[in-house]
Amino acid sequence: MTATPQTREHRQTEFEDNDQTPVGFGRMLRKEDPRLIRGRGRFVDDVQLPGMLHLAILRAPVAHARIVSIDISAAQAHPKVKLVVTGAMLAEKGLAWMPTLSNDVQAVLATDKVRFQGQEVAFVVAEDRYSARDALELIDVEYDDLAPVIDARKALDPSMPVIRDDLEGKTDNHIFDWETGDAEATEAAFARADVVVTEDIVYPRVHPAPMETAAAVADYDRVDGKLTLWSTSQAPHAHRTLYAIVAGLPEHKIRVIAPDIGGGFGGKVPIYPGYVCAIVGSLLVGKPVKWAEDRSENLTSGSFARDYIMRGEIAATKDGRILAIRTNVLADHGAFNGQAAPSKYPVGFFGVFTGSYDIEAAYAKVTAVYTNKAPGGVAYACSFRITEAVHLVERLVTSLALEMGIDQAELRLRNFIRPEQFPYETKTGWVYDSGDYEATMRESMRIAGYDELLAEREEKRARGELMGVGVSFFTEAVGAGPRKNMDILGLGMADGCELRIHPTGKAVVRLSVKTQGQGHETTFAQIVSEEIGIPPADIEVVHGDTDNTPFGLGTYGSRSTPVSGAAAALVARKVRDKAQLIASSMLEVSVADLEWTKGAFQVKGDPSSSVTIQDIAMRAHGAGDLPEGMEGALEAQICYNPENLTYPNGAYICVVDVDKGTGEVRVRRFIAVDDCGTRINPMIIEGQVHGGLVDGLGMALMEFIEFDEFGNCLGGSLMDYLIPTALECPDWETGHTVTPSPHHPIGAKGVGESATVGSPPAIVNAVVDALHPLGIRNIDMPMTPSRVWDAIQGRPRPPV
Amino acid sequence: MQVTMTVNGDEVTRDVEPRMLLVHFLRDALSLTGTHWGCDTSNCGTCVVWVDEQPVKSCTMLAAMAGGKRVRTVEDLERDGVLDPVQEGFMQCHGLQCGFCTPGMMMTARWLLDHNPDPTDGEIREAISGQICRCTGYSTIVRSIRWAATHENASHIETAETAGSSS
Ligand code: FES
Ligand code: FES
């Protein structure tokens, strides 16, 4: 089982074409790498403070039970234990519950009941991490077991126990119903259709599982009343504000530092009970307290993703014109509705389920329920549930193609929104900004050698071998979001940026967003560099520290480049405008007579009379004259409120071989052509795409947070929750088209989640294509050998 | 109990609990935080170091078991201001994103190239198959190690210093 190395021409070109030390956009090595390759990154668990204590959390062994009693006396008596805290003790301080990002509440420590296996019940603070763990064993909890609600399909059955009896008047497990589109128009379109295809599609529960688990170090200084919290946070500013609200601490006395983060993928957006426990521990003991969850805690209690049970229907004319799409979804939100989504979007951006197609009508209904499983919802690079939406529509389109005997790519080409239709308003009210879907699809087919692949597949089929070719085309909506209709818990989804040019012409740029590996320190230096002409090496990027950066909502939903990237470009333009005024006084010409050559202003048509941005910076800070009324210094700050979302898109083609005897799926090739608008650093973009592809391969083939009937989590370790290694992955093949966003200052659209969104349906479509001759129309993820084999035997099993 | 071992060429002696894992010993007792941990089941490989010139998962070994042995960690890859070609390769080929798996990957890569100076892509993938990277999708890691294989004897001081940073 070794991968086939493929060195393809297009990639070589990209590699060579780009300047290694660009002033502005282009391939450039990352500024964060020199420390990381020396083992000198600083992750939260690397933080060691004098006198620091260690916190460990006792978790529920069962999914649903009433807490009868908790005896902590033996743990308190442990010689190295400083503090033991239960839910009842937190309740006395009004800290037992905290708001979730969806305006529900979640227990910090359980008081009345435990509602999922792994839920936080008590915590211990001790002198070292081993003693803290030892003391957990000494806590005695008596539980009175309750029947658990595990299968979301049965959650609304009146016979089921009510999980959230903490909520006033709650008599069932229902969270919300939501609908979009026009049910009547959709029904009419279905009535006229020549062909209707229906599929039941499950997007199983998965987990972002970043290599670094969640961790925090809380350091409360009793003298000045200041709390410093190092934590694995993708959104340090939003976290600070929420701590101020939850814990009642004054906001200016809270400093959240997110140092190097070992991957996030949305899993580090929520505030976890562990962070609050660390804060409470430090407040009570007066010393720094560290909490670092282990992997099983991470997998069983941290943010899950997906868990959508979908029925999709697609209607078309006999010549393959898609008329309408309709879906009915059951969403399993676990025990607390903790998904991070803009307030007005209870299903995130699932509304883009009409995909990349110009259709007549669409309608969706989503019902969300509580179950006795861990909370979460929006995580694992899902782009606010676009992953589920894209999977649904792309599975449906391929099903329709197979049903009608039309090629998958051809059917898509017939139905794409055409370039001249942008801005395009979908039937569910989303305004797509730009795209050239046909060009992107054809580029992917060119790289794949699509026709030859189909010919090869026919040959193999004739020999009885199972080869499949799968296509998907996604449109994402990212860059949340416009202030007029998007907020999280009342906080507008804007981002700030501050730029200072020092007297010698070096610069510092401060961001509200926070990298977890995406390379912000490089990309943002390049954006500023492009606008102001200072080399990226001379621009320091500061982020992940609320005391030293402007406010903003953070990094998730591929929003850093669309929102904060726009802020960085605009703040640089603002500085450049001031620089132009100074240049006009230095050169004694009017502003209108100056032109900008990246890095200097010169008198139009006269390169010999010019001043560089460095000269201007010195002048701005110097003793010489400035234009009438102008203040010194060369700096600016802005807060960027996006006008619309951006809509990156891409065409993916996957080639699989399925072993008939074992059911093993081998992804032999994967071709990803992305259009994320203007490309800032092609090397980083390629890396983001590769990373999303391996996520998609993992979800499609092996990742699954599964539960037994009692609510025991069966995916609670990396032995059970399988993540792809180098052996399962092909050498990814990438390409691109460029359709800039018309409303983004530099035309960039964001790319962090594109491949996670777009790749799973391509892989499933490839497997379905391979198995189609055996009469198989659908197979759900994860397509493990046993589940594929069952499908081949005619006994497909939906994941529960 | 007292344990003495050689870490990155220096002899160190510390009092430890017999049950202390080597990974915690390196990180907490010696502050060598370049070695990471990412699981409880020996699956992730973010903790790989060398013990007596063999790559091991340091979460799977007690500090006491390393007594009297030679331990080498990521902090020792760069020598006299010269980056190891593997480190250089990871920077040149974007073999890291968050950088959390990277120290472990590089320790394995160094071992591989010491024993197989011109590995195929398949051999590289096999060598790192006990380790997980959640960010890169592995292709760029394979390229990074191949880059190192083809630049083993070059001098890297200059590129190391100019790589993407003034820091
Ligand atoms: S910490 Fe995961 S293998 Fe060692
Ligand atoms: S670079 Fe993040 S896990 Fe490998």
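Atom set for the values below is all heavy atoms of this structure, side chains included, hydrogens, waters and symmetry mates excluded. Chain identifiers are assigned alphabetically (A, B, ...) following the order of the sequence lines, protein sequences preceding nucleic acid strands; residue numbering begins at 1 within each chain.
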Colleague: At a heavy-atom separation under 4.5 Å, does Glu297(A) approach chain B through its side chain, its backbone, both, or neither?
Modeller: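 Answer is neither: Glu297(A) stays 4.5 Å or more from chain B.
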
Colleague: In terms of heavy-atom pairs under 4.5 Å, which option from Gly698(A), Pro208(A), Gly263(A) contacts chain B the most?
Modeller: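 Sorted descending by pairs with chain B, the first entry is Pro208(A).
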
Colleague: Quick one: what part of Phe43(A) sits under 4.5 Å from any heavy atom of chain B, side chain, backbone, both or neither?
Modeller: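 Phe43(A) touches chain B through side-chain heavy atoms alone.
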
Colleague: Start with the C-alpha gap between Tyr130(A) and His24(B), add the side-chain angles, then the distance that decides, and say whether ring-ring contact (aromatic ring centres under 6.0 Å, His included) holds.
Modeller: CA-CA 10 Å; Tyr130(A) 287 61; His24(B) 289 146; 5.4 Å; yes

Colleague: Please flag which part of Leu693(A) lies under 4.5 Å from any non-hydrogen atom of chain B: side chain, backbone, both or neither.
Modeller: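 Neither part; nothing is under 4.5 Å.
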
Colleague: For Met20(B), is it the side chain, the backbone, both or neither that has a heavy atom under 4.5 Å from a heavy atom of chain A?
Modeller: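 Looking at Met20(B), backbone and side chain both touch chain A.
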
Colleague: May I have the step-by-step check of side chain to side chain donor-acceptor pair (under 3.5 Å) for Asn8(B) and Thr73(B), ending in yes or no?
Modeller: CA-CA 7 Å; Asn8(B) 298 337; Thr73(B) 71; 2.9 Å; yes

Colleague: Relative to chain B, which segment of Tyr721(A) carries a heavy atom at a distance below 4.5 Å: side chain, backbone, both, or neither?
Modeller: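 For Tyr721(A), the side chain is the part near chain B, not the backbone.
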
Colleague: Other residues, nucleotides and ligands only: do more than 12 of their heavy atoms fall within 6.0 Å of CZ on Arg35(A)?
Modeller: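 Yes, because the 6.0 Å sphere around CZ of Arg35(A) holds more than 12 heavy atoms from other groups.
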
Colleague: Could you check Arg110(B) against Asp114(B) for salt bridge (Lys or Arg N to Asp or Glu O under 4.0 Å), going step by step and ending with a plain yes or no?
Modeller: CA-CA 6 Å; Arg110(B) 180 69 267 147; Asp114(B) 283 351; 3.0 Å; yes

Colleague: Answer with side chain, backbone, both or neither: which region of Gln518(A) has an atom nearer than 4.5 Å to a non-hydrogen atom of chain B?
Modeller: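 Answer is neither: Gln518(A) stays 4.5 Å or more from chain B.
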
Colleague: Name the option with the most non-hydrogen atom pairs under 4.5 Å to chain A; the candidates are Met106(B), Glu75(B), Arg27(B).
Modeller: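 Looking at each option in turn, the highest pair count goes to Arg27(B).
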
Colleague: Closer than 4.0 angstrom, basic N to acidic O: yes or no for Arg143(B) and Asp731(A)?
Modeller: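 The answer is no: the pair does not qualify as a salt bridge.
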
Colleague: Go through the steps for Val49(B) and Met107(B) under the test side chain to side chain contact (heavy atoms under 4.5 Å, CB included), then give the verdict.
Modeller: CA-CA 6 Å; Val49(B) 300; Met107(B) 293 312 286; 5.5 Å; no

Colleague: Answer with side chain, backbone, both or neither: which region of Ala209(A) has an atom nearer than 4.5 Å to a non-hydrogen atom of chain B?
Modeller: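 Contact with chain B involves both backbone and side-chain atoms of Ala209(A).
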
Colleague: Please look at Asp45(A) and chain B and tell me whether the side chain, the backbone, both or neither of the residue comes under 4.5 angstrom of a heavy atom of that chain.
Modeller: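 Contact with chain B is through both the backbone and side chain of Asp45(A).
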
Colleague: Is Arg129(A) close to chain B through its backbone or its side chain, or both, or neither, when contacts mean heavy atoms under 4.5 Å?
Modeller: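 The answer is the side chain of Arg129(A).
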
Colleague: Is there a salt bridge (Lys or Arg N to Asp or Glu O under 4.0 Å) between Arg19(B) and Asp134(A) once you walk through the steps?
Modeller: CA-CA 12 Å; Arg19(B) 63 176 171 172; Asp134(A) 288 344; 2.7 Å; yes

Colleague: Which atoms of Thr46(B) come close to chain A, meaning under 4.5 Å heavy atom to heavy atom: side chain ones, backbone ones, both, or neither?
Modeller: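 Only the side chain of Thr46(B) comes within 4.5 Å of chain A.
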
Colleague: Of the backbone (N, CA, C, O) and the side chain (C-beta and beyond), which part of Leu77(B) lies under 4.5 Å from a heavy atom of chain A, both, or neither?
Modeller: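 Neither part.
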
Colleague: Do you know which of His94(B), Met105(B), Gln87(B) has the most heavy-atom pairs under 4.5 Å to chain A?
Modeller: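 Among the listed options, the one with the most contacts to chain A is His94(B).
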
Colleague: Between Ile141(B), Thr140(B), Asp28(B), Asp76(B), which has the largest tally of heavy atom pairs under 4.5 Å with chain A?
Modeller: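 Highest number of pairs under 4.5 Å: Asp28(B).
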
Colleague: For Glu212(A), is it the side chain, the backbone, both, or neither that has a heavy atom closer than 4.5 Å to a heavy atom of chain B?
Modeller: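 Both backbone and side chain.
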
Colleague: I'd like to know if Asp52(B) pairs up with Arg70(B) as an ion pair, taking the criterion as any Lys NZ or Arg NE/NH1/NH2 lying under 4.0 Å from an Asp or Glu carboxylate oxygen.
Modeller: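 Yes, Asp52(B) and Arg70(B) are salt-bridged.
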
Colleague: Taking atom types as modelled, find out whether His520(A) and Thr555(A) have a side-chain donor-acceptor pair closer than 3.5 angstrom.
Modeller: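 There is such a pair (donor and acceptor under 3.5 Å, judged by atom type) between the side chains of His520(A) and Thr555(A).
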
Colleague: Provide the closest heavy-atom pair for Thr35(B) versus Val23(B) in the form atom of the first, atom of the second, distance.
Modeller: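 Of all heavy-atom pairs spanning Thr35(B) and Val23(B), the closest is CG2-CG2, 4.2 Å.
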
Colleague: For chain B, which of Pro210(A), Ser717(A), Pro724(A) has the most heavy-atom pairs under 4.5 Å?
Modeller: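 Among the listed options, the one with the most contacts to chain B is Pro724(A).
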
Colleague: Top residue by heavy-atom pair count (under 4.5 Å) with chain B, among Arg42(A), Lys506(A), Arg295(A)?
Modeller: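 The answer is Arg295(A).
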
Colleague: So which of Ser129(B), Gly130(B), Gly95(B) has the biggest tally of heavy-atom pairs under 4.5 Å with chain A?
Modeller: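 Top count of heavy-atom pairs under 4.5 Å with chain A: Ser129(B).
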
Colleague: Using a cut-off of under 4.5 Å on heavy-atom pairs, state which of Val694(A), Leu36(A), Thr725(A), Thr522(A) scores highest against chain B.
Modeller: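 Of the candidates given, the most pairs with chain B belong to Thr725(A).
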
Colleague: Using heavy-atom distances under 4.5 Å, tell me whether Asp46(A) contacts chain B through its side chain, its backbone, both, or neither.
Modeller: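 Contact with chain B involves both backbone and side-chain atoms of Asp46(A).
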
Colleague: Looking only at heavy atoms, which two atoms of Glu152(B) and Pro85(B) are closest? And how far apart?
Modeller: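 Of all heavy-atom pairs spanning Glu152(B) and Pro85(B), the closest is OE1-CG, 3.3 Å.
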
Colleague: Is it true that Glu293(A) and Asn298(A) share a donor-acceptor pair across their side chains at a distance under 3.5 Å?
Modeller: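 Yes, side-chain donor-acceptor contact under 3.5 Å.
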
Colleague: Tell me, out of Pro103(B), Ser42(B), Cys101(B), Cys135(B), who's got the most heavy-atom pairs with chain A below 4.5 Å.
Modeller: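 Of Pro103(B), Ser42(B), Cys101(B), Cys135(B), Cys135(B) has the most heavy-atom pairs under 4.5 Å with chain A.
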
Colleague: Could you tell me which non-hydrogen atom of Ala305(A) sits nearest to which non-hydrogen atom of Ala379(A), and how far apart they are?
Modeller: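 Result for this residue pair: CB-O, 3.3 Å.
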
Colleague: Can you tell which part of Pro535(A) gets under 4.5 Å to a heavy atom of chain B, answering side chain, backbone, both or neither?
Modeller: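 Neither; nothing under 4.5 Å.
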
Colleague: Please identify, among Ile124(B), Leu96(B), Leu32(B), Val142(B), the residue contributing the most non-hydrogen atom pairs under 4.5 Å to chain A.
Modeller: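 When all of Ile124(B), Leu96(B), Leu32(B), Val142(B) are compared, Leu96(B) has the most.
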
Colleague: Between Glu78(B) and chain A, with a heavy-atom cut-off of 4.5 Å, which part of the residue counts as in contact: side chain, backbone, both or neither?
Modeller: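 It is the side chain, since no backbone atom gets that close.
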
Colleague: Would you compute the distance between atom CD of Gln131(B) and atom OG1 of Thr102(B) and round it to the nearest 0.5 angstrom?
Modeller: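 Rounded to the nearest 0.5 Å, the CD-OG1 separation comes out at 10.5 Å.
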
Colleague: Assign the ring pair Phe100(B) / His36(B) to parallel, tilted or perpendicular, where the plane angle (0 to 90°) is split at 30° and 60°.
Modeller: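 The arrangement is parallel - the two ring planes meet at less than 30°.
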
